[in-house]
Chemist: 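I'd like to ask you about the structure that follows.
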Amino acid sequence: MSTEVDSLTIEEAAAELERLAKEIARNDALYHGKDAPVISDAEYDALKRRNDAIEARFPELIREDSPSRHVGAAPSATFSAVVHARPMLSLDNTFSQEDVQDFVASVYRFLGRLPDQSIAFTAEPKIDGLSMSIRYENRKLVTAATRGDGTTGENVTANIRTIKEIPQTLPAGAPDIVEVRGEVYMAKSDFLALNAQMEAEGKQIYVNPRNTAAGSLRQLDAKVTASRKLKFFAYAWGEISDMPSDTQFGMVEKFQDWGFPVNPLMKRLNSVADILAHYDDIGLKRPDLDYDIDGVVYKVDSLELQARLGFRSRSPRWATAHKFPAEQAFTKVTAIDIQVGRTGALTPVARLEPITVGGVVVTNATLHNADYIEGIGNSGERIREEGHDIRIGDTVIVQRAGDVIPQVLDVVMERRPEGTERYKFPTKCPVCGSHAVREKNEKTGKLDSVTRCTGGFICRAQATEHLKHFVSRNAFDIEGLGTKQVDFFFESEDPALQIRTAPDIFTLKARQEASPLTKLENIEGFGKVSVRKLFDAIDERRQIALHRFIYALGIRHVGETTAKLLARSYGTYEAFEAAMKEAAPLSGDAWNDLNDIEGIGEIVARAIVEFYKEPRNVEVISRLLAEVKPQEAEQPVTSGSPVVGKTVVFTGSLEKFTRDEAKARAESLGAKVAGSVSKKTDILVAGPGAGSKLDKARELGVQTMDEDEWLALIGG
Ligand code: IVH
């Protein structure tokens with residue numbers, strides 16, 4: 001028992017404060033570092049309380065290193081990065097029974113199975129939380145990481161250790177190395193209790209359990225995480241030294257044996273009808289569950305079949321998420337505004353009377369395009385129940401699904417006020433005044449649904465949106481150059497400050513240094529430190545991953561995934577640009593190669609080639625390349641693969657695997673799979689009945705082999 005604070009002498013108090021400072025610091029380190037804490041939270045709090053009480057009585061004794069002086073005792077400014085031993089992928093979404101049937105059919109087709117050779121699936125709730133990968137070495141928890149971008153996550157080990165449901169050690173018999181993956185979530189009841197407490201304390205309340213769980217996990221002070229009662233369901237794995245089961249269901253049973261919570265609603269089922277019945281059943285139970293779910297996940301049960309099915313760029317072929325219908329609410333349209341995007345698209349946005357949909361306040365909803373407002377769909381069909389148009393003043397049904405932008409689903413005609421008018425879609429760009437037109441689709445001859453500003457580079461909206469995209473998180477990620485700053489630099493008429501195109505970002509510092517007159521640090525909103533930070537942030541990006549560089553160019557239809565595919569296929573920026581210029585006639589080898597990349601369709605291919613036909617784009621990029629060096633793309637992990645970097649063509653009828661399977665397998669080994677034989681082809685795999693491609697390969701002296709030789713080459 002320690003002495004009562006009231007009876008401490010000043011000497012005793014000083015000694016006691018010194019002891020407490022050391023003791024608390026030691027426990028903080030244990031708590032945040034790799035080791036488990038050695039005292040309970042209650043004991044820790046008692047130490048802190050005693051320290052505070054002594055300091056209150058002897059304020060003159062408060063130490064420089066007193067625990068009361070640093071709140072939270074955060075060990076580092078941010079979380080460190082963890083590279084996942086196996087990438088953490090996401091799931092494809094399905095929204096209807098037909099989608100689910102298509103998914104199941106695609107699995108059978110890919111595997112070349114007949115419907116009577118039944119394939120079992122698991123079906124389980126899709127938990128609306130945060131995915132987490134927890135690594136055990138020699139049955140001890142060593143690291144826990146968030147999903148991050150799928151390749152690299154944040155090290156949140158200290159925080160995960162505070163979750164009681166997650167075992168710190170695994171029982172004997174568990175593999176030496178195992179990464180257990182699953183979802184961290186906050187129970188609805190805990191969320192409501194937390195918000196009640198926040199409200200009582202007059203603090204801001206939280207939006208929903210998922211965001212609260214995310215916020216609780218990203219606390220530098222693990223004590224905050226500990227106070228939040230997070231929970232966990234295990235449903236997947238990453239690296240594992242020894243597979244304890246050969247089915248999905250069996251793996252999850254093992255997780256349960258090892259002490260992980262697993263979802264009780266997971267079932268193994270054999271037909272689409274059974275899967276859909278389970279979906280309905282889970283949907284009925286949904287309101288009574290103490291955790292948020294947003295759909296049902298179906299997975300092929302056999303791990304052997306999962307391996308054969310493999311992955312697309314970011315999701316497995318053997319799984320899909322069947323989402324529940326989105327949540328809806330009624331509200332009023334107060335205005336319709338037009339936004340002009342990076343590619344000149346005029347997007348109408350409905351301004352709404354604020355309304356809560358699924359726990360989130362919604363004030364805007366996208367109206368997509370002119371047709372959508374009129375009640376006409378992409379193929380000319382009437383949309384919404386009766387195909388009514390949307391007018392300012394209308395009461396509408398708003399829907400929000402997951403993280404997507406809210407949509408206006410339908411108009412409540414009974415509540416349409418007198419005297420409303422049809423919305424007149426602008427024929428001029430509201431920003432630059434150029435004509436806004438709907439292009440004709442060359443293939444179908446129909447009008448495109450998007451109205452586009454023809455102003456191109458002269459349109460302020462297009463140019464600034466372009467810059468904002470360029471500096472955005474998944475592109476150049478330049479901290480300190482946000483929307484406000486981009487607008488400021490863009491509007492500036494001062495040559496020492498102006499940023500009109502991306503290369504200008506990288507010449508800003510030199511122009512500033514050369515200009516004695518306008519100093520950025522003297523401009524309101526900047527200051528010395530922020531200017532230095534901004535220039536540092538810009539300089540840090542002079543070397544950049546190739547896929548980020550390509551994504552940042554803002555080519556129509558080229559999102560992150562496509563940019564990654566392009567980076568991986570072409571390796572260097574120079575090779576990519578040269579190939580795109582060579583593909584200009586929309587025919588020939590370069591064009592065919594581009595179209596052969598799995599995941600790149602004709603519309604995307606065209607958009608890229610068109611982009612490089614515009615001399616102004618090429619000119620801006622060449623100025624950019626004088627400042628920035630895109631790095632060579634990393635190739636997929638294919639160490640030891642005999643076909644890495646090789647271009648392979650499959651022809652004839654294949655008997656050992658389906659065409660899709662052959663292609664996916666070859667690509668996973670780092671090969672490029674092409675559809676036609678050219679001088680760039682390295683290997684032609686010819687099945688029975690091979691014809692002209694085989695002849696051409698022989699003519700060009702390309703190595704040819706049959707399926708067995710191919711299998712022997714890639715190791716079965
Ligand atoms: S399986 C390779 N199962 O959904 C695929 N994911 O959209 C591994 N999620 O990032 C995921 N519940 O965070 C799987 N029962 C479940 C899930 C689930 C929620 C999340 C997970 C994943 C996201 C994909």
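Bear in mind that the values here come from a model prediction, so they are computed numbers and not experimental data. Ligands are counted one by one from 1 in listed order, and the atoms in each one are counted from 1 as well.
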Chemist: Is the backbone N or O of V300 less than 3.5 Å from a side-chain atom of Q248, with the two atoms forming a donor-acceptor pair by type?
Modeler: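 Not confirmed, Q248 side chain does not pair with V300 backbone.
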Chemist: Any heavy atom of G129 closer to ligand 1 than 4.0 angstrom?
Modeler: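 No.
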Chemist: Have a look at ligand 1 and work out which part of M88, if any, has a heavy atom under 4.0 Å from it: side chain, backbone, both or neither.
Modeler: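 It is neither; nothing of M88 touches ligand 1.
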Chemist: I'd like to check F121 versus D274 (side-chain heavy atoms, cut-off strictly below 4.5 Å). Are they in contact?
Modeler: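 F121 vs D274: side chains apart.
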Chemist: Please could you name the atoms of ligand 1 that P316 approaches to less than 4.0 Å, counting only its heavy atoms?
Modeler: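 Checking each atom against P316, I get 2 (C).
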Chemist: Can you find a heavy atom in the side chain of V252 that is under 4.5 Å from one in the side chain of T122?
Modeler: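 Sidechains of T122 and V252: no contact.
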Chemist: Less than 4.0 Å between a side-chain N and a carboxylate O, is that true for D292 and R286?
Modeler: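 Salt bridge: no.
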Chemist: Looking only at distances, can you tell me whether any N or O atom of S131, backbone or side chain, sits closer than 3.5 Å to an N or O atom of ligand 1?
Modeler: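 Yes - when backbone and side-chain N and O of S131 are compared with those of ligand 1, one distance drops under 3.5 Å.
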Chemist: Could you tell me the residue and atom name of the protein heavy atom closest to atom 9 (N) of ligand 1, and the distance to it rounded to 0.1 Å?
Modeler: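 Heavy-atom neighbour on the protein nearest atom 9 (N) of ligand 1: Y235 OH, 3.3 Å.
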Chemist: Please tell me if the side chains of D176 and N138 come closer than 4.5 Å, counting only heavy atoms from C-beta onward.
Modeler: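 Yes. Closest side-chain heavy atoms under 4.5 Å.
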Chemist: Just to confirm my output: which protein heavy-atom neighbour is closest to atom 8 (C) of ligand 1, and how far is it?
Modeler: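 Here the nearest protein heavy atom works out to L89 O, 4.4 Å.
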Chemist: Does ligand 1 have any atom sitting under 4.0 Å from a heavy atom of K299?
Modeler: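 K299 counts as a contact of ligand 1 under the 4.0 Å cut-off.
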Chemist: Please confirm whether P125 comes within less than 3.5 Å of ligand 1 when only nitrogen or oxygen atoms on both sides are compared.
Modeler: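 Yes; the residue has a nitrogen or oxygen that sits under 3.5 Å from a nitrogen or oxygen of the ligand.
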Chemist: Around atom 23 (C) of ligand 1, find the nearest protein heavy atom and jot down its residue, atom name and distance.
Modeler: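 The closest one turns out to be K126 NZ, 4.0 Å.
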Chemist: Please work out which of the three classes, parallel, tilted or perpendicular, describes the rings of F232 and F260, given edges at 30° and 60°.
Modeler: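 Because their plane-to-plane angle lies in the 30° to 60° range, the rings of F260 and F232 count as tilted.
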Chemist: Who gets closest to atom 5 (C) of ligand 1 by heavy atom: L91, V296, L265?
Modeler: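 Closest candidate by heavy-atom distance is L91.
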Chemist: Does I127, backbone or side chain, put an N or O under 3.5 Å from an N or O of ligand 1?
Modeler: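 I127 vs ligand 1: N/O contact under 3.5 Å present.
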Chemist: For E124 and ligand 1, does the shortest N/O to N/O distance drop below 3.5 Å?
Modeler: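 Yes, since at least one N or O of E124 sits under 3.5 Å from an N or O of ligand 1.
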Chemist: Tell me whether the rings of F476 and F470 are parallel (<30°), tilted (30 to 60°) or perpendicular (>60°).
Modeler: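 Plane angle under 30°, so parallel.
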Chemist: For the backbone of L309 and the side chain of R317, can you confirm whether one donor and one acceptor N or O come within less than 3.5 Å of each other?
Modeler: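 Side chain of R317 to backbone of L309, a donor-acceptor pair under 3.5 Å: yes, one is there.
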Chemist: Looking only at protein heavy atoms, which one is nearest to atom 13 (O) of ligand 1, and how far off is it?
Modeler: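 Closest protein heavy atom to atom 13 (O) of ligand 1: E183 OE1, 2.8 Å.
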Chemist: Salt bridge check, R86 against E179: does any charged N sit closer than 4.0 Å to a carboxylate O?
Modeler: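 No salt bridge links E179 with R86.
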